[in-house]
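Quick note on labels: first sequence line is chain A, next is B, and so on, each numbered from 1.
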There are 2 protein chains.
Amino acid sequence: MTEEPPFVLESPSPEEVLRKVAPYLHGTPRYPVVIAGMCTARYEGRASSKAGPAVRIAICKPDGTFILHNAMEKREPTNWNPAPSVQRLRTDGGNLVLVSKRLDVPETVIVTFEDVHAAMVLPRSVGDSRASNAPSAFTISRTHEEMVRYILENPSRIDPSLLPPEGPPERHTEVECGAGIADVVLRDEKGRLVVIEVKRARADINAAAQLKRYVDAFREERGESVRGILVAPDVTKGCEKYLRKHGLEWRRLRPEDVERAEEGPTLDDFLG
Amino acid sequence: MTEEPPFVLESPSPEEVLRKVAPYLHGTPRYPVVIAGMCTARYEGRASSKAGPAVRIAICKPDGTFILHNAMEKREPTNWNPAPSVQRLRTDGGNLVLVSKRLDVPETVIVTFEDVHAAMVLPRSVGDSRASNAPSAFTISRTHEEMVRYILENPSRIDPSLLPPEGPPERHTEVECGAGIADVVLRDEKGRLVVIEVKRARADINAAAQLKRYVDAFREERGESVRGILVAPDVTKGCEKYLRKHGLEWRRLRPEDVERAEEGPTLDDFLG
DNA sequence: CAATGTGTAAAGCTC
DNA sequence: GAGCTTTGCACATTG
């Protein structure tokens with residue numbers, strides 16, 4: 001290997017890419033590889049697709065991930081192979097050909113470059129692991145999980161009738177029933193079971209139907225009267241109609257409300 | 001502008017990127033831009049995230065799409081902004097900073113490069129339009145739509161009791177009801193209405209619940225007995241249980257079965 | 001614009 | 001591994 005990553009080849013010949021890039025793509029360990037150029041692509045697997053000539057960007061990641069992006073548009077790749085997959089480079093009729101194969105299921109992408117504008121090998125670094133001690137810590141907030149926690153800690157802010165969890169809060173979240181796992185299960189001041197389904201985005205009819213399945217399951221299994229509450233920033237019209245029809249309720253909660261509430265001590269903390 | 005796309009800058013200074021790349025990023029028309037290097041990233045919008053230092057690949061597409069990929073792993077980007085969005089480059093404390101903002105909703109990604117391994121501007125080409133006369137035609141097969149068409153053309157292969165569509169097949173597909181739009185609605189030899197829900201992947205309990213909502217709606221609206229059939233390559237255990245509990249049926253059909261059947265004239269075509 | 005459903009969905013988590 | 005849910009889901013289509 002003449003060059004050490006990172007390096008870039010500008011308008012390389014297929015042979016040059018093969019000679020200088022392939023060792024880093026196939027070796028152990030693998031290095032991130034990016035190839036940009038005019039190409040066509042074929043995919044065979046669960047479905048099947050053909051993409052005509054366009055400028056695209058191929059990315060091969062060391063975990064095996066392969067993605068091929070159209071250079072002009074779309075957040076979604078034209079073709080891809082999630083890890084675990086392997087990529088191979090070869091030349092064919094004067095063209096550079098990249099073949100990617102998934103190792104777990106039969107899916108293949110074949111990219112034929114008529115012209116390579118650039119090929120590069122990048123240095124290895126860390127992934128986006130969410131382990132907080134990782135150098136590349138990735139943290140995200142305003143999630144579904146944070147909304148659930150907020151509800152457990154402030155049930156009365158969702159509905160005044162809701163009682164705080166009895167015993168450990170974990171026993172009130174992700175509660176299994178015959179229809180699946182309910183986000184939150186509490187009791188109200190009348191002693192009724194209250195099943196709560198949480199959505200971080202506007203809730204649609206599927207969310208309401210999911211809640212109903214849980215409510216039905218709890219009624220059947222526990223033989224008591226059960227309330228169902230959908231907690232979401234908003235609901236669609238069809239969702240609201242379904243809720244009303246089946247005697248279910250909904251309360252508004254935005255992901256950003258949660259963060260604001262958690263940011264600092266509330267006035268209540270000082271007033272006791 | 002000293003250079004014409006495509007061109008590549010290897011280990012450029014932030015100022016060089018600004019001078020040579022920014023005009024193509026901000027100009028009219030815009031060109032595809034790729035920047036790879038060690039960076040951190042922050043996102044604020046529907047949610048909020050922070051990503052520590054790692055080698056990443058930023059792609060700015062002329063339609064406004066922005067994606068930031070970790071170079072080591074994952075099919076999904078670390079951060080992104082779908083179109084319509086705009087990106088701006090600037091320098092800050094000796095670092096190159098890329099700011100991407102969505103134009104329709106308040107969402108921002110800020111990428112700070114500690115080190116730029118490569119920056120490139122690619123030529124403009126065509127998108128992946130599915131218009132068949134486009135130079136970059138994108139065609140895909142084994143889709144949900146093809147499965148629906150197969151069922152309309154070969155109803156008895158799904159279930160021997162199913163009758164062919166009466167009149168134009170369009171009247172039997174995407175049939176509206178109060179609960180939504182049913183994929184296929186046919187009649188069986190006993191004159192019963194049959195609502196068919198089609199899934200191209202293994203069907204789960206949500207698919208079964210969706211079918212039940214349609215069946216209930218048709219019963220209510222038409223006041224007749226209605227069958228419900230889920231057509232899928234496979235169903236989960238929970239799905240099967242739900243179907244059985246609610247008197248619904250399922251039949252196996254794989255996306256690849258459809259293609260095979262359509263590929264050429266069947267023996268039946270010759271036998272009359 | 002909202003609403004609905006599909007996707008080669010991917011990814012994460014639990015059992 | 002199957003099964004289920006979430007995703008900053010994206011995306012297309014239709015009203």
Side-chain angles (χ1 to χ4, degrees), chain A residues 43-49 65-68 73-83 85 100 102 104-109 128 130 140-145 147-148 174 176 179-183 197-207 210 213-214 234-241 255-256, chain B residues 43-49 65 67 73-83 102 104-109 128 130 140-145 147-148 174 176 179-183 197-207 210 213-214 234-241 255-256:
Chain A
Y43 152 71
E44 276 293 329
R46 289 169 285 184
S48 154
S49 76
T65 300
F66 168 73
I67 53 182
L68 180 68
E73 58 171 29
K74 296 284 155 66
R75 201 211 77 139
E76 288 301 300
T78 306
N79 295 111
W80 67 90
N81 277 162
S85 305
S100 178
R102 288 181 70 167
D104 50 351
V105 291
E107 298 208 290
T108 305
V109 178
D128 271 343
R130 293 193 186 189
I140 186 161
S141 53
R142 303 181 200 166
T143 60
H144 177 269
E145 190 185 339
M147 291 175 72
V148 167
E174 291 175 31
E176 282 191 58
I181 297 165
D183 282 329
E197 177 64 28
V198 180
K199 295 292 171 191
R200 72 175 310 289
R202 175 179 287 207
D204 63 13
I205 191 170
N206 294 295
Q210 190 186 348
R213 290 203 303 275
Y214 294 162
D234 200 2
V235 299
T236 67
K237 205 179 287 187
C239 176
E240 186 162 28
K241 185 178 149 196
E256 57 266 36
Chain B
Y43 152 73
E44 276 293 330
R46 288 170 286 185
S48 154
S49 77
T65 301
I67 52 181
E73 58 173 26
K74 297 283 155 66
R75 200 212 79 139
E76 288 301 300
T78 305
N79 293 112
W80 67 92
N81 276 165
R102 288 181 71 166
D104 50 352
V105 290
E107 298 209 291
T108 305
V109 178
D128 272 342
R130 294 191 184 189
I140 186 162
S141 53
R142 303 182 200 165
T143 60
H144 178 268
E145 190 185 337
M147 290 175 74
V148 167
E174 290 173 31
E176 282 191 58
I181 298 166
D183 282 331
E197 176 63 30
V198 180
K199 295 292 171 191
R200 74 175 307 294
R202 175 180 287 210
D204 62 13
I205 192 170
N206 296 296
Q210 189 184 351
R213 290 202 304 275
Y214 294 161
D234 200 1
V235 299
T236 67
K237 205 180 287 186
C239 175
E240 186 161 30
K241 186 178 146 194
E256 58 264 37

Would you classify A/E73 as touching base, sugar-phosphate or nothing, given that sugar-phosphate means primed atoms plus P, OP1 and OP2, and contacts are heavy atoms under 4.0 Å?
nothing
On DNA chain D, does the nearest nucleotide to B/V235 precede the nearest nucleotide to B/I181 from the 5' side, or the other way round? Give the residue.
B/V235
Figure out the CG/P separation between A/D128 and D/dG8, and round it to whole Å.
13 Å
Rounded to whole angstrom units, what separation is found between the CZ atom of B/R213 and the C1' atom of C/dG5?
10 Å
Atom CG of A/D183 to atom P of D/dC4: distance rounded to whole Å?
16 Å
Whole angstrom value for the distance that separates P of C/dT4 from CD of B/Q210
11 Å
Can you find a side-chain donor-acceptor pair between B/Y214 and B/E197 that sits under 3.5 Å?
no
Would you confirm whether A/E107, through its side chain, and A/R46, through its main-chain N or O, come within 3.5 Å as a donor-acceptor pair?
yes
Per-nucleotide protein contact along nucleotides 7-14 of chain C, 5' to 3', at a 4.0 Å heavy-atom cut-off (B base, S sugar-phosphate only, - neither), is SBSSSS--
Partners of B/A83 by side chain to side chain contact (heavy atoms under 4.5 Å, CB included), sequence neighbours excluded?
B/D63, B/T65
Taken to the nearest whole Å, CG/A/N206 to C1'/C/dT4 is 8 Å
C/dT6 versus D/dT7 - spacing of their C1' atoms, nearest Å:
15 Å
Is the side chain of B/R75 donor-acceptor paired with the backbone N or O of A/W80 at a distance under 3.5 Å, no angle test?
no
Find the distance B/I205:CD1 to D/dA2:P and express it as a whole number of Å.
19 Å
B/R200/B/R142 under side chain to side chain contact (heavy atoms under 4.5 Å, CB included): CA gap, chis, key distance, verdict:
CA-CA 8 Å; B/R200 74 175 307 294; B/R142 303 182 200 165; 4.2 Å; yes
Could you list the residues that satisfy side chain to side chain donor-acceptor pair (under 3.5 Å) with B/D183, not counting sequence neighbours?
B/H144
If you compare every side-chain N and O of B/Y214 against the phosphate oxygens of C/dG5 (OP1, OP2), does one of them come in below 4.0 Å?
yes
If you look at every strand shown and take non-hydrogen atoms under 4.0 Å, does A/E256 touch a base, only sugar-phosphate, or nothing?
nothing
Using the P atom on both, measure C/dT8 against D/dT5 and round to a whole Å.
22 Å
Evaluate whether atom CD of A/E256 has more than 12 neighbouring non-hydrogen atoms of other residues, nucleotides or ligands under 6.0 angstrom away.
yes
Could you tell me the separation between the CD1 atom of B/I67 and the P atom of D/dA10, rounded to a whole number of Å?
12 Å
